[in-house]
Amino acid sequence: MSRVSIVIPTLNEASCLERTLHQLSILNPPAGEILVVDGGSEDATIAIANKIGIKVLSCQPPGRSLQMNYGAKAATGDILCFLHADTCVPDDLIAVIIATLEDKSVAGGGFISLMAGFETTRWGVSLHNYLKTYYAPLIFHPHLFFKGLRLLFGDQVMFCRRGDFWECGGFNDALPILEEADLCLKLVKRGKIRQVNRIVTSSDRRVARWGTLKATGIYLYIGLLWGLGVSPTYLKKFYEDIR
């Protein structure tokens, strides 16, 4: 059986990390390894990971692309899975990943992200995010869409073979956002990108802060400008960090 390394980039994620790591502890089959790559947390993030016995790597300066690449370099599994600290996964995550990549025509994949909080499930935003995986490549890269391109985003728990990841150059360290979508554009040269018909659940903290209409508007605006070639560095100004 393939060995899956789960890489979790963190920066002040104490409010959600323990729940995520608990869910990873009951995976069946288990992950080959779990690596928390911390960008300099000033809260209890590192202490939580240490208490549970998860290996913590320090990566400075912080940056999600930098941290995920750093974790990928340290990983020993032949499959890499990139997980956000505020995302919960099904207990058969590893089996689903391995089964998906048993198809040699598939280079990478991700899940359907359901956005939820303590009091509500964001059905509308979640539906838009699901559809965006398909309509964004169809509109902006139609020739690649019909070759199997699907654009995956951070909360969709992206995975791929380690060999393909590095042959594509990994994540672009210069990108402050949309690094997963950029990787999809590189991976599709090696095979199809699949959105697996299974759900992971991500925190709605950003939508809760912005409100549904504002959040949807920002997602559409960023996606449109990115598709037109606007620099992600400029787009990051509209996508504030929220913890």
Side-chain angles (χ1 to χ4, degrees), residues 8-17 19-20 23 39 43 62-65 68 82-90 109-142 144-145 149-158 171-172 174-185 193-243:
I8 308 174
T10 59
L11 182 63
N12 297 325
E13 295 286 8
S15 63
C16 57
L17 182 61
R19 180 187 180 197
T20 299
Q23 295 226 315
D43 61 3
R64 206 159 59 195
S65 292
M68 290 191 292
F82 300 97
L83 174 65
H84 284 191
D86 66 343
T87 299
C88 293
V89 299
F111 292 75
I112 298 169
S113 176
L114 185 63
M115 197 171 291
F118 291 111
E119 299 180 353
T120 187
T121 300
R122 309 285 179 172
W123 296 108
V125 175
S126 299
L127 175 60
H128 172 243
N129 289 343
Y130 167 78
L131 295 174
K132 182 171 58 178
T133 296
Y134 298 94
Y135 80 67
L138 179 60
I139 292 172
F140 297 112
H141 301 279
L144 294 177
F145 175 83
L149 175 64
R150 303 295 182 263
L151 287 182
L152 301 172
F153 302 89
D155 55 3
Q156 289 178 267
V157 191
M158 189 173 180
F171 291 109
N172 184 341
L175 296 182
I177 59 172
L178 297 169
E179 62 278 353
E180 289 92 354
D182 177 74
L183 181 61
C184 288
L185 289 172
I193 309 298
R194 281 197 58 194
Q195 180 170 223
V196 180
N197 192 23
R198 293 291 302 278
I199 288 174
V200 296
T201 305
S202 296
S203 168
D204 71 339
R205 57 190 177 185
R206 195 177 299 278
V207 179
R209 174 76 63 85
W210 287 342
T212 300
L213 289 178
K214 180 179 178 181
T216 301
I218 289 174
Y219 293 147
L220 283 170
Y221 183 67
I222 289 176
L224 174 62
L225 293 185
W226 179 79
L228 294 174
V230 175
S231 167
T233 301
Y234 170 77
L235 297 178
K236 180 68 169 82
K237 295 190 293 186
F238 303 97
Y239 203 73
E240 61 186 293
D241 289 328
I242 294 175
R243 296 289 187 272

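Quick caveat: nothing in here was measured; it's all calculated off a predicted structure. The first residue of the sequence shown is numbered 1, and numbering continues consecutively from there.
Between L11 and P62, the closest heavy-atom pair is CD2-CB, 4.3 Å. For S113 against S126, the heavy-atom pair with the smallest separation is O-CB, 3.8 Å. In terms of heavy-atom proximity, L149 sits nearest to H141 at CD2-CB, 3.9 Å.
For the atom pair R209 CZ and K214 NZ, the distance stands at 9.5 Å (nearest 0.5 Å). Rounded to the nearest 0.5 angstrom, M115 CE and R205 CZ are separated by 10.5 Å. Between atom OG1 of residue T10 and atom CG of residue D86 there is a gap of 11.5 Å, rounded to the nearest 0.5 Å. With rounding to the nearest 0.5 angstrom, the OG1 atom of T212 is 8.5 Å from the CG atom of D204. The line from CD1 of I218 to CH2 of W210 is 4.0 Å long, rounded to the nearest 0.5 Å. From I139, atom CD1 reaches atom NZ of K132 across 12.0 Å, with rounding to the nearest 0.5 Å.
Checked against side chain to side chain donor-acceptor pair (under 3.5 Å), N172 has no partners two or more places apart in sequence or in another chain. Every residue two or more places apart in sequence or in another chain that forms a side-chain contact (heavy atoms from CB on, under 4.5 Å) with A116 is listed here: T121, T201. For H128, the side chain to side chain donor-acceptor pair (under 3.5 Å) partners are Y135, not counting sequence neighbours. Legend: residues meeting side chain to side chain donor-acceptor pair (under 3.5 Å) with Y234, ordered by chain and number and at least two apart, are absent. Shown here are the side chain to side chain donor-acceptor pair (under 3.5 Å) partners of T87, two or more places apart in sequence or in another chain: S202. Not counting sequence neighbours, R194 has no partner by the salt bridge (charged side-chain N to carboxylate O under 4.0 Å, His left out) test. For L228, the side-chain contact (heavy atoms from CB on, under 4.5 Å) criterion is met by F140, L224, not counting sequence neighbours. Qualifying side-chain contact (heavy atoms from CB on, under 4.5 Å) partners for P90, counting only residues two or more places apart in sequence or in other chains: D92, R198, V200. The salt bridge (charged side-chain N to carboxylate O under 4.0 Å, His left out) check on R19 picks up nothing, with sequence neighbours excluded. By the ring pair (Phe, Tyr, Trp, His ring centres under 6.0 Å) test, F82 pairs with F165, F171, sequence neighbours left out. In this view, T133 and R150, L152, Q156, Q195 satisfy the side-chain contact (heavy atoms from CB on, under 4.5 Å) rule, not counting sequence neighbours.
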message: Determine whether N129 and F153 satisfy the following criterion, side chain to side chain contact (heavy atoms under 4.5 Å, CB included), listing intermediate values before the conclusion.
response: CA-CA 9 Å; N129 289 343; F153 302 89; over 6 Å; no
- prompt: After noting the C-alpha distance and the side-chain angles of L114 and W123, does the key distance pass the side chain to side chain contact (heavy atoms under 4.5 Å, CB included) rule?
  reply: CA-CA 7 Å; L114 185 63; W123 296 108; 3.7 Å; yes
- request: Apply side chain to side chain contact (heavy atoms under 4.5 Å, CB included) to the pair V125 and Y219, showing each step before the final yes or no.
  value: CA-CA 9 Å; V125 175; Y219 293 147; 4.0 Å; yes
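Residue L131 places its CG atom among more than 12 non-hydrogen atoms of other residues, nucleotides or ligands, all under 6.0 Å distant.
Between I112 and N197 the shortest side-chain heavy-atom distance falls below 4.5 Å.
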Name the atoms and distances for all side-chain donor-acceptor pairs under 3.5 Å in residues 175-184, with sequence neighbours left out.
{"unit_1": "E179", "atom_1": "OE2", "unit_2": "R64", "atom_2": "NE", "d": "2.6"}
{"unit_1": "E179", "atom_1": "OE2", "unit_2": "R64", "atom_2": "NH2", "d": "2.9"}

